[in-house]
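Remarks on the structure that follows.
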Amino acid sequence: MTNFPALAVDIDRDKLFYLIYAHGMKPTMATIELNSGDNLKQAIENAVYDTPLLLEEYCRTTIVLHSQHFVVMPAELMPKANPVFKASFSCLEGELMTCKVKNTDAAIACDVPHGVTAFLKRTFGNPELLHHLAPLIAYCAEAYADDNGCLHININKEKAHIVATLGGKLQFANTYTYRSLDDIIYFALAAFKECRFDSRADRVLITGDNDLRSQLAEQLRQRIAYVMPELMPASTLSALGNDAIKLPFNLVTTAIYS
């Protein structure tokens with residue numbers, strides 16, 4: 001046991017989110033704007049050094065990095081991640097990062113800017129580094145292990161993350177930027193069809209922005225019988241406290257990943 005809290009960090013191109021949490025402690029969450037331009041590494045360095053709270057001692061640090069270019073593959077292919085990645089993308093724009101996805105036999109290879117992972121490992125004492133989809137996939141694989149087909153959509157005002165599982169086994173995972181909810185409805189229905197889910201028996205569960213979630217659910221119910229908001233598991237509330245229901249779902253899954 002340790003008296004130190006844990007730290008979860010979510011780094012996108014223009015924002016850094018962090019969550020500090022421990023049993024019996026009210027979670028602390030904040031958002032830092034990143035003026036990255038073409039140099040994400042420098043923007044992250046500035047944000048971290050300007051926020052002394054991030055440099056405190058933590059019992060565990062988990063950091064997710066958003067990457068547009070990524071490949072989800074069987075974990076057994078991790079030693080060949082470079083050629084597998086280049087089979088989908090002609091070249092690396094930065095450095096290749098790989099991570100195995102907990103609760104599955106999958107791994108993710110992704111492209112991150114030069115120097116970012118080295119800085120994070122050096123500064124945070126070798127944290128667990130993950131692609132942004134890894135915590136959501138791990139969560140779905142565990143939460144829906146006893147279910148039939150489940151399509152999970154985590155939506156915010158810029159992106160939607162879609163993960164599909166069948167009996168807890170990963171079937172599909174992707175991230176989409178979108179201009180209107182019609183785009184997400186199209187992507188969700190396409191994924192539902194690709195996974196050969198049954199619109200009368202299998203489910204869609206939605207997390208994220210409350211207004212967008214309600215609108216998306218209303219429209220998807222015209223095509224799929226079981227569409228509902230995802231309820232926060234009791235184990236998560238136990239780990240993070242009742243304030244967990246107010247936190248962004250991506251930070252929650254990052255926090256409980258380890």
Side-chain angles (χ1 to χ4, degrees), residues 8 10 12-15 17 19 21 26-27 29-31 33 64 66 132-166 168 170-195 197-257:
D10 183 299
D12 208 338
R13 171 57 61 176
D14 58 354
K15 290 183 178 65
F17 305 88
L19 174 67
Y21 60 99
K26 184 180 177 69
M29 193 207 93
T31 304
E33 299 290 334
V64 302
H66 287 249
H132 70 265
L133 277 175
L136 183 60
I137 293 172
Y139 170 83
C140 293
E142 181 175 31
Y144 314 142
D146 298 325
D147 293 349
N148 292 326
C150 289
L151 191 78
H152 185 117
I153 306 172
N154 178 244
I155 186 169
N156 59 42
K157 293 179 180 179
E158 298 175 352
K159 298 177 183 177
H161 313 289
I162 300 179
V163 172
T165 56
L166 180 62
L170 178 63
Q171 306 295 305
F172 178 92
N174 209 344
T175 291
Y176 301 96
T177 56
Y178 67 95
R179 292 173 292 182
S180 72
L181 277 184
D182 289 340
D183 296 335
I184 301 307
I185 293 167
Y186 171 81
F187 294 135
L189 292 175
F192 206 84
K193 182 178 180 180
E194 181 177 334
C195 295
F197 287 170
D198 186 341
S199 62
R200 295 164 297 178
D202 296 321
R203 298 188 297 161
V204 174
L205 298 130
I206 309 176
T207 55
D209 180 277
N210 285 334
D211 290 339
L212 292 171
R213 183 172 61 179
S214 297
Q215 295 174 49
L216 184 59
E218 181 180 354
Q219 295 193 51
L220 284 175
R221 287 190 186 112
Q222 299 175 20
R223 306 285 189 89
I224 299 170
Y226 298 102
V227 180
M228 60 202 76
E230 171 69 295
L231 299 177
M232 195 70 70
S235 58
T236 301
L237 294 177
S238 174
L240 299 178
N242 290 331
D243 286 328
I245 60 175
K246 304 174 185 177
L247 299 173
F249 198 76
N250 58 304
L251 269 180
V252 170
T253 55
T254 300
I256 64 176
Y257 185 87

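Closest heavy-atom contact between Ala244 and Leu240: CB-CB, 3.8 Å. Minimum heavy-atom separation, Ala160 to Ile184: CB-CD1, 3.4 Å. Contact detail for Phe197 and Thr165: the closest heavy-atom pair is CZ-O, 3.5 Å.
Legend: residues meeting side-chain hydrogen bond (donor to acceptor under 3.5 Å, both in side chains) with Thr175, ordered by chain and number and at least two apart, are His132, His161. Applying the salt bridge (Lys or Arg N to Asp or Glu O under 4.0 Å) test to Asp12 and every residue at least two apart in sequence or in another chain returns Lys159. In this structure, Tyr144 has no ring-ring contact (aromatic ring centres under 6.0 Å, His included) partners at least two apart in sequence or on a different chain. Applying the ring-ring contact (aromatic ring centres under 6.0 Å, His included) rule to Phe172 yields no partners; only residues at least two apart in sequence or on another chain are considered. Every residue meeting the ring-ring contact (aromatic ring centres under 6.0 Å, His included) condition with Tyr139, not counting sequence neighbours, appears here in chain and number order: Phe249. Take Thr254 and apply the side-chain hydrogen bond (donor to acceptor under 3.5 Å, both in side chains) test, not counting sequence neighbours, and it matches no residue. For Thr31, the side-chain contact (heavy atoms from CB on, under 4.5 Å) partners are Lys15, Phe17, Met29, not counting sequence neighbours.
Atom OG1 of Thr253 sits about 10.5 Å away from atom CD1 of Ile137, to the nearest 0.5 Å. Here Met228 contributes atom CE and Arg221 contributes atom CZ; the two are 8.0 Å apart, rounded to the nearest 0.5 Å. Here the OG1-CD1 distance, from Thr236 to Ile256, works out to 4.0 Å after rounding to the nearest 0.5 Å. One finds the CE atom of Met232 at 8.5 Å from the OG1 atom of Thr207 (value rounded to the nearest 0.5 Å). Separation of atoms CG (Leu212) and NZ (Lys157) is listed at 7.0 Å; rounding is to 0.5 Å.
Among pairs with a residue in residues 205-217, none fulfils salt bridge (charged side-chain N to carboxylate O under 4.0 Å, His left out), at least two apart in sequence or across chains. Among pairs with a residue in residues 180-191, none fulfils side chain to side chain donor-acceptor pair (under 3.5 Å), at least two apart in sequence or across chains. Applying the salt bridge (charged side-chain N to carboxylate O under 4.0 Å, His left out) definition to pairs two or more places apart or across chains, those involving residues 139-156 are Asp147-Arg203. The ring-ring contact (aromatic ring centres under 6.0 Å, His included) contacts involving residues 199-242 comprise nothing, where partners must be two or more places apart or lie in separate chains. Applying the ring-ring contact (aromatic ring centres under 6.0 Å, His included) test to pairs two or more places apart or on separate chains, none has a residue in residues 229-248.
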Evaluate Ile162 against Leu151 for side chain to side chain contact (heavy atoms under 4.5 Å, CB included), listing each step before the verdict. CA-CA 7 Å; Ile162 300 179; Leu151 191 78; 3.6 Å; yes
What verdict does the side chain to side chain contact (heavy atoms under 4.5 Å, CB included) test give for Asn156 and Asn250, after you've listed the backbone C-alpha separation in whole Å, the side-chain angles of each residue and the deciding distance to 0.1 Å? CA-CA 10 Å; Asn156 59 42; Asn250 58 304; over 6 Å; no
Does the pair His152 and Val204 meet the rule for a side chain to side chain contact (heavy atoms under 4.5 Å, CB included), with working shown? CA-CA 6 Å; His152 185 117; Val204 174; over 6 Å; no
Leu166 vs Cys195, test: side chain to side chain contact (heavy atoms under 4.5 Å, CB included). Steps then yes/no. CA-CA 9 Å; Leu166 180 62; Cys195 295; over 6 Å; no
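Counting heavy-atom neighbours within 6.0 Å of Arg223 CZ, excluding the residue itself, gives a total of 12 or less.
A 4.5 Å side-chain heavy-atom check between Glu230 and Ile206 finds every atom pair outside the cut-off. Side-chain contact between Pro27 and Leu19: present, with at least one pair of heavy atoms (C-beta onward) separated by less than 4.5 Å. Under the 4.5 Å side-chain criterion, counting only non-hydrogen atoms from C-beta, Leu220 is in contact with Ile185. Counting heavy atoms from C-beta on, the side chains of Val64 and Pro135 come closer than 4.5 Å. The shortest distance between side-chain heavy atoms of Leu181 and Gln219 falls below 4.5 Å. Looking at heavy atoms from C-beta onward, Ile153 lies in side-chain contact with Leu216 at the 4.5 angstrom threshold.
A donor and an acceptor atom, one from each side chain of Asp202 and Asn148, are nowhere located under 3.5 Å apart.
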